[in-house]
Amino acid sequence: MKVVVVSAGLSVPSSTRLLADRLAAAVNRATPVDIEVVELRDLAVEIAHNFTNGFAGKALAAAQDAVTRADGLIVVTPVFSASYSGLFKSFFDVLDKDALTGKPVLIGATGGTGRHSLVLEHALRPLFAYLHAVVVPTGVYAASEDWGAEGLAERTDRAAAELVALMTGPPIVAPPAQPAFEFRPPAPAAPTTRGR
């Protein structure tokens with residue numbers, strides 16, 4: 001099985017990459033997997049060019065192919081303005097619209113304070129639901145004070161186990177797309193008879 005890790009950290013070293021590596025290690029402890037890391041920082045120029053010319057450069061095309069072929073994804077972004085980073089969103093914008101359909105995804109984020117932890121539920125989970133991925137129940141957020149504190153390792157292990165369960169369980173089949181609303185004209189009203 002292959003797991004692709006998408007890390008949107010911008011600095012070196014990066015707490016985002018550190019969380020991504022910890023999540024990947026936890027998955028590998030649960031079941032041996034082939035892990036490939038996609039560093040979005042290295043693809044920023046190719047992602048921008050893809051928006052302007054419609055073509056993926058060699059490195060971006062390889063990353064897109066890796067994500068499409070993966071059995072599962074680990075995606076981690078830093079928090080900017082109470083949401084995922086623009087670079088993170090841009091990468092998923094240039095993927096084929098069906099690339100993540102039915103694919104198990106473990107979401108993670110890093111930030112300077114625990115006040116942004118709801119980014120997992122209010123930004124990341126809806127994004128991947130829209131892309132028809134299957135997001136594991138446990139997302140992992142790591143604030144500056146979480147490194148070395150109790151709880152982060154347990155959340156990491158629980159999320160990794162959930163990703164492994166989705167990857168090794170029965171295949172996930174997405175239901176066919178249904179229109180959000182189907183217009184049905186009202187039935188004609190039955191004639192009424194009144195005495196005059």
Side-chain angles (χ1 to χ4, degrees), residues 1-10 14-41 43 63-80 83-85 87-93 95-96 98-111 114 116-143 146-147 149-174:
M1 280 188 301
K2 182 171 185 176
V3 171
V4 171
V5 178
V6 178
S7 173
L10 299 177
S14 162
S15 61
T16 301
R17 175 62 189 268
L18 178 60
L19 179 59
D21 288 344
R22 286 194 182 184
L23 290 166
V27 168
N28 201 44
R29 282 193 304 273
T31 188
V33 291
D34 179 26
I35 296 172
E36 180 177 345
V37 177
V38 173
E39 279 281 6
L40 297 186
R41 178 184 64 244
L43 301 174
Q64 291 170 324
D65 184 59
V67 166
T68 301
R69 294 178 183 275
D71 297 300
L73 296 179
I74 296 170
V75 298
V76 186
T77 180
V79 175
F80 292 121
S83 189
Y84 38 68
S85 72
L87 180 60
F88 182 83
K89 176 65 163 54
S90 295
F91 175 73
F92 291 101
D93 283 342
L95 279 180
D96 180 88
D98 297 320
L100 300 186
T101 299
K103 194 174 300 294
V105 177
L106 191 168
I107 56 175
T110 57
H116 294 297
S117 62
L118 285 177
V119 70
L120 296 171
E121 303 305 320
H122 293 284
L124 286 164
R125 197 172 297 278
L127 169 65
F128 289 98
Y130 174 79
L131 295 171
H132 305 291
V134 181
V135 183
V136 303
T138 303
V140 181
Y141 179 84
D146 289 326
W147 299 105
E150 283 187 37
L152 181 59
E154 290 78 9
R155 291 195 315 272
T156 298
D157 288 342
R158 183 170 64 242
E162 291 167 358
L163 181 65
V164 168
L166 285 175
M167 291 190 312
T168 58
I172 300 163
V173 179

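Because only heavy atoms are used, hydrogens play no part in the values below, and waters and symmetry mates are left out as well, while side chains stay in. Residues take their numbers from the sequence shown, with the count starting at 1.
Identified under the salt bridge (Lys or Arg N to Asp or Glu O under 4.0 Å) test for residues 124-137, with sequence neighbours left out: E121-R125.
Residues satisfying the side-chain contact (heavy atoms from CB on, under 4.5 Å) test with A123, not counting sequence neighbours, are S83, Y84, V119. Residues meeting the side-chain hydrogen bond (donor to acceptor under 3.5 Å, both in side chains) test with D65, sequence neighbours left out: R69. A search for side-chain contact (heavy atoms from CB on, under 4.5 Å) contacts involving E39 returns S7, R17, V37, R41, D42, not counting sequence neighbours. Evaluation of the side-chain contact (heavy atoms from CB on, under 4.5 Å) rule for D98 yields D96, T101 as partners, not counting sequence neighbours. Shown here are the side-chain hydrogen bond (donor to acceptor under 3.5 Å, both in side chains) partners of D93, two or more places apart in sequence or in another chain: K89. Applying the ring-ring contact (aromatic ring centres under 6.0 Å, His included) test to F128 and every residue at least two apart in sequence or in another chain returns F92. With sequence neighbours excluded, the residues that form a side-chain contact (heavy atoms from CB on, under 4.5 Å) with T68 are A99.
Inter-residue side-chain proximity for L10 and F80 is flagged as met; some heavy-atom pair is nearer than 4.5 Å.
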Please output the side-chain donor-acceptor pairs of residues 151-159 that fall under 3.5 Å, not counting sequence neighbours, one pair per line with the distance.
| from | atom 1 | to | atom 2 | distance (Å) |
| --- | --- | --- | --- | --- |
| E154 | OE1 | G151 | N | 3.0 |
| R155 | NH2 | Y141 | O | 2.8 |
| T156 | OG1 | L152 | O | 2.8 |
| D157 | OD1 | R29 | NH2 | 2.9 |
| R158 | NE | T138 | OG1 | 3.2 |

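With hydrogens and angles disregarded, a donor-acceptor distance shorter than 3.5 Å links the side chain of T77 to the backbone of S85.
Across every non-hydrogen atom of A143 and G114, the tightest pair is CB-N, 3.5 Å.
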